[in-house]
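This report concerns only the one structure given below.
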4 protein chains.
Amino acid sequence: MVDKPAPDASRRSEKSRRAIYAAALALVGEAGYPKTTVEAIAARAGVGKQTIYRWWSSKADVLLEAFLDLAGQAARAAGHQPDAIPDTGDLAADLKAVLRATVDELLDPRFEAPSRALAAEGLVNEALGREFVSRLLEPQLQLYAARLRSAQDAGHVRRDVDPRIALELFVSPLAQRWLQRTAPISYAYTDTLVEYALHGIAPR
Amino acid sequence: MVDKPAPDASRRSEKSRRAIYAAALALVGEAGYPKTTVEAIAARAGVGKQTIYRWWSSKADVLLEAFLDLAGQAARAAGHQPDAIPDTGDLAADLKAVLRATVDELLDPRFEAPSRALAAEGLVNEALGREFVSRLLEPQLQLYAARLRSAQDAGHVRRDVDPRIALELFVSPLAQRWLQRTAPISYAYTDTLVEYALHGIAPR
Amino acid sequence: MVDKPAPDASRRSEKSRRAIYAAALALVGEAGYPKTTVEAIAARAGVGKQTIYRWWSSKADVLLEAFLDLAGQAARAAGHQPDAIPDTGDLAADLKAVLRATVDELLDPRFEAPSRALAAEGLVNEALGREFVSRLLEPQLQLYAARLRSAQDAGHVRRDVDPRIALELFVSPLAQRWLQRTAPISYAYTDTLVEYALHGIAPR
Amino acid sequence: MVDKPAPDASRRSEKSRRAIYAAALALVGEAGYPKTTVEAIAARAGVGKQTIYRWWSSKADVLLEAFLDLAGQAARAAGHQPDAIPDTGDLAADLKAVLRATVDELLDPRFEAPSRALAAEGLVNEALGREFVSRLLEPQLQLYAARLRSAQDAGHVRRDVDPRIALELFVSPLAQRWLQRTAPISYAYTDTLVEYALHGIAPR
DNA sequence: TGTTAATCGAGACGGTACGTCCAGTCTTTGG
DNA sequence: CCAAAGACTGGACGTACCGTCTCGATTAACA
């Protein structure tokens with residue numbers, strides 16, 4: 001079995017790549033993931049189908065990179081410190097602030113359709129799922145882990161707590177409510193999560 | 001516009017229904033969700049395609065009912081109390097036990113493929129997602145809520161805690177790790193989740 | 001290697017078949033053979049592509065059957081004796097009459113495009129070529145052979161002449177002029193061919 | 001609308017031209033006409049596609065010139081008199097000899113695929129067909145016409161016979177049998193054609 | 001003999017059609 | 001008279017080539 005020669009990336013059309021990203025994101029937002037066909041992306045981007053298949057292996061792959069690109073742009077637009085979690089010394093306040101911002105983002109329709117679509121595809125398509133997690137999700141989670149480690153240094157979190165697990169106490173519930181629509185999300189909800197996570201639900 | 005007359009459920013072939021469930025579950029397990037086409041289910045079940053479309057609206061719908069059927073059978077096979085959470089008076093122990101059982105179930109390959117597939121489809125297909133949540137997920141979650149309420153009565157959980165939120169502290173992290181493969185799951189992990197959730201991560 | 005099960009011809013849609021024939025012939029006439037794509041035939045016939053591929057192996061195959069159907073219809077419309085060559089006892093006159101009719105037919109635009117297209121495809125595609133010859137061309141040629149044999153019985157053609165070869169003296173020149181456009185065709189031309197073929201070009 | 005500037009023929013790469021001819025003829029012979037794509041010719045010739053499109057308008061055009069080149073080479077290789085018909089004074093013998101040589105050539109696999117392919121394309125593509133006829137076919141036919149005119153001068157063919165038509169009596173049948181595979185060709189067959197053409201099929 | 005402009009190999013591009021697969025509907029036939 | 005079988009329209013898939021369009025890198029004629 002011979003692989004066909006890899007295309008020459010230095011000759012790649014930047015214009016086409018941007019157009020494809022834009023078309024993919026727009027279509028997922030407007031028509032939903034299932035109606036976002038490779039053919040429709042190509043047509044909307046004014047691009048031949050082969051140009052998509054030359055550089056990506058599937059529509060999920062296109063969407064993943066389009067979304068990463070979007071996230072990168074958004075981060076660069078937002079400020080120098082892309083997605084750092086503030087460290088004012090007040091852990092509860094810092095986490096609440098970041099989670100409130102996350103709630104805003106999750107409810108932003110520009111982000112909702114593509115990230116939901118990617119998450120869904122990632123569940124079933126293991127390769128894509130690992131990409132999704134390692135390139136999008138885990139970096140975000142590591143920011144929380146870092147903040148928790150800093151809090152440990154300041155004595156605001158117990159030393160024997162594993163930050164990588166601890167962060168899931170407030171991140172995962174929010175993720176599940178949003179992804180699976182098990183219940184609505186709100187500032188009050190995330191504030192509550194932070195309180196419960198910090199102090200537990202058992203009587204003190 | 002007239003709806004087509006609803007099919008007469010009393011004449012429905014029980015044998016075909018069972019065969020379709022079995023075929024759908026087997027195919028999802030063997031070939032994965034995307035290759036599980038309605039045509040393949042019909043062929044494997046020895047059934048006409050129309051027989052599927054007469055009774056279900058999509059392959060996701062078939063799979064949902066097949067899975068509910070499977071879950072029901074498993075529950076009935078397991079014992080009288082289908083999925084109740086034990087109440088020994090020791091909340092931490094009870095939760096750890098149930099979560100350990102859940103870990104076992106999540107790692108059972110018979111359950112993995114279909115439930116992952118359903119969850120994925122539910123992310124993107126809102127109608128199916130709501131069905132999935134209300135018929136499968138929420139009933140499970142309510143068992144936890146009930147156990148937490150019982151713990152509140154026994155003074156093991158603070159009165160001002162919302163059980164529906166509190167349960168997410170340990171359920172959602174497990175769900176996310178499994179669904180999105182963000183990290184491995186184990187008994188130690190779920191035990192830790194229960195500890196953190198009960199007592200918080202802040203110094204006591 | 002397993003062949004896929006042959007489709008059940010008894011369930012075939014007569015309406016679709018007719019629509020496909022009509023579309024194929026119309027497109028070849030209007031747009032030429034290369035622009036007559038399977039996709040275009042399907043679209044014009046209001047038919048799914050698969051319905052074409054289910055019953056034919058290529059557009060050439062479709063066109064061959066469409067043309068045979070057309071020829072059959074034309075023959076049935078013309079009279080009871082489909083394509084017989086008259087036998088008035090005057091061989092020269094009979095041949096000239098039939099060849100003049102052939103000239104008319106070859107110049108009829110309804111016939112020209114499809115038969116030219118089929119002949120061309122048959123040159124390069126041996127399987128189709130043999131079909132074309134055996135189902136369309138050879139039956140016609142056998143009519144000439146029969147007429148020549150009858151002439152032999154009447155003493156108007158030498159006994160030692162092979163009718164299958166002799167008929168080519170007037171048929172092949174006409175065919176070549178028409179197919180390859182080596183020179184124009186006319187009644188005078190075919191009349192001349194008959195004269196030369198009967199009496200030779202050497203001095204008597 | 002301006003035509004693009006004509007390429008400068010003086011800078012043309014002779015090596016590429018030869019490589020393209022060779023690749024085209026080889027591919028038609030090996031893979032058949034439909035699989036002989038411009039891309040394949042370019043790849044095999046070690047040439048950019050644009051180099052083909054710069055000098056030719058289509059693959060049929062390439063093949064036509066490649067074949068003319070081949071024919072020219074063959075003629076030059078064969079002897080000084082490229083394709084003249086001998087004139088020994090015995091018309092029948094001369095024609096039989098030339099036709100026997102033609103039979104040999106038509107059965108030579110080196111010639112068969114490309115000439116059949118060109119003839120086929122010429123049927124459907126009128127422009128190419130006229131090129132094919134005027135540059136390849138008609139010059140050959142004119143040699144026969146000349147020989148027949150010489151025979152008329154010698155009194156071996158009737159004065160009132162049109163040589164351009166007469167030659168078709170033996171040339172066209174051979175051409176048709178070969179091109180359309182209506183029947184096999186052989187020396188006996190072409191000898192017979194000459195006999196019939198000279199003396200007719202009617203009793204003398 | 002060095003300059004320079006066109007041609008060259010290479011291959012990405014926007015497109016069109018291919019032949020396949022499956023969705024969801026419609027039709028026929030046997031139990 | 002329902003269900004199996006499967007043909008139907010429709011449409012997306014991923015591939016193959018088309019003919020056009022850049023790219024450097026020769027390469028051959030002219031300065």
Side-chain angles (χ1 to χ4, degrees), chain A residues 4-5 7-13 15-16 19 34-43 45-55 57-59, chain B residues 4 7-8 11-13 15-16 34-40 42-43 45-55 57-59, chain C residues 4-5 7-13 15-16 19 34-43 45-55 57-59, chain D residues 4-13 15-16 19 34-43 45-55 57-59:
Chain A
K4 61 182 51 179
D8 180 346
S10 72
R11 298 203 150 183
R12 184 167 182 182
S13 161
K15 204 175 65 170
S16 293
K35 289 201 171 172
T36 300
T37 65
V38 173
E39 228 149 49
I41 296 173
V47 140
K49 273 201 289 180
Q50 198 58 35
T51 298
I52 295 184
Y53 285 110
R54 193 167 9 245
W55 302 109
S57 65
S58 65
K59 78 171 167 178
Chain B
K4 63 182 54 178
D8 179 347
R11 311 199 78 174
R12 185 169 182 181
S13 159
K15 201 176 67 172
S16 292
K35 289 201 171 173
T36 302
T37 65
V38 173
E39 228 148 52
V47 140
K49 275 203 288 181
Q50 198 53 244
T51 301
I52 295 184
Y53 284 110
R54 199 174 352 255
W55 301 108
S57 65
S58 66
K59 76 171 169 179
Chain C
K4 60 182 55 179
D8 179 346
S10 72
R11 298 203 150 179
R12 184 167 183 182
S13 161
K15 202 175 67 170
S16 293
K35 290 201 170 170
T36 300
T37 65
V38 172
E39 229 149 49
I41 295 172
V47 140
K49 274 203 289 180
Q50 199 57 37
T51 299
I52 295 185
Y53 285 110
R54 187 159 23 239
W55 301 110
S57 63
S58 65
K59 77 171 169 179
Chain D
K4 62 181 54 177
D8 179 347
S10 72
R11 313 197 73 167
R12 185 169 183 182
S13 161
K15 200 176 67 171
S16 293
K35 289 200 171 173
T36 301
T37 66
V38 172
E39 229 148 51
I41 296 172
V47 140
K49 276 202 290 180
Q50 198 54 244
T51 300
I52 295 184
Y53 284 111
R54 198 177 352 256
W55 302 108
S57 65
S58 66
K59 78 170 168 180

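Order of the sequence lines sets the chain letters (A, B, ...), proteins ahead of strands, with each chain counted from 1.
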Mapping Ala45(A) and Ser58(C) to their closest nucleotides on DNA chain E, which lands nearer the 5' end?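 Its nucleotide being nearer the 5' end, the pick is Ala45(A).
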
Over all strands shown, is Thr51(C) touching base, sugar-phosphate only, or nothing at heavy-atom distances under 4.0 angstrom?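 Base: the residue Thr51(C), judged by heavy atoms under 4.0 Å, touches a nucleobase.
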
Taking atom [atom1] of [X] and atom [atom2] of [Y], what is their separation to the nearest 0.5 Å?
X: Asp8(A); Y: Arg54(A); atom1: CG; atom2: CZ; answer: 11.0 Å
X: Thr51(D); Y: Lys49(D); atom1: OG1; atom2: NZ; answer: 12.0 Å
X: Ile52(B); Y: Ser57(B); atom1: CD1; atom2: OG; answer: 12.0 Å

Atom-to-atom span, [atom1] of [X] to [atom2] of [N] - whole angstrom:
X: Lys15(C); N: dA7(F); atom1: NZ; atom2: P; value: 17 Å
X: Ile52(A); N: dC13(F); atom1: CD1; atom2: C1'; value: 13 Å
X: Arg12(D); N: dG9(E); atom1: CZ; atom2: P; value: 11 Å
X: Gln50(B); N: dT28(E); atom1: CD; atom2: C1'; value: 13 Å
X: Asp8(D); N: dA28(F); atom1: CG; atom2: P; value: 12 Å
X: Trp55(A); N: dA12(E); atom1: CH2; atom2: P; value: 6 Å
X: Tyr53(A); N: dG15(E); atom1: OH; atom2: P; value: 17 Å
X: Lys35(C); N: dG15(E); atom1: NZ; atom2: P; value: 17 Å

Quick one: the side chain of [X] and the base of [N], do they pair up donor-acceptor inside 3.5 Å?
X: Arg11(C); N: dT28(E); result: yes
X: Glu39(B); N: dC21(E); result: no
X: Lys49(B); N: dG6(F); result: no

Does Thr36(A) or Ser16(B) map to a spot on DNA chain F nearer the 5' end, using the closest nucleotide for each?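 It is Ser16(B), whose closest nucleotide lies nearer the 5' terminus.
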
Earlier contact from the 5' end, DNA chain F, for Ser57(D) and Val47(C):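 Looking at DNA chain F, the more 5' nearest nucleotide goes with Val47(C).
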
Give a yes or no answer on whether the side chain of Lys59(C) reaches the backbone of Thr36(C) with a donor-acceptor pair at less than 3.5 Å.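 Side chain of Lys59(C) to backbone of Thr36(C): a pair is present.
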
Smallest separation among heavy atoms of Trp55(A) and Ala9(A), with atom names: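 Here Trp55(A) and Ala9(A) meet closest at CH2-CA, 3.7 Å.
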
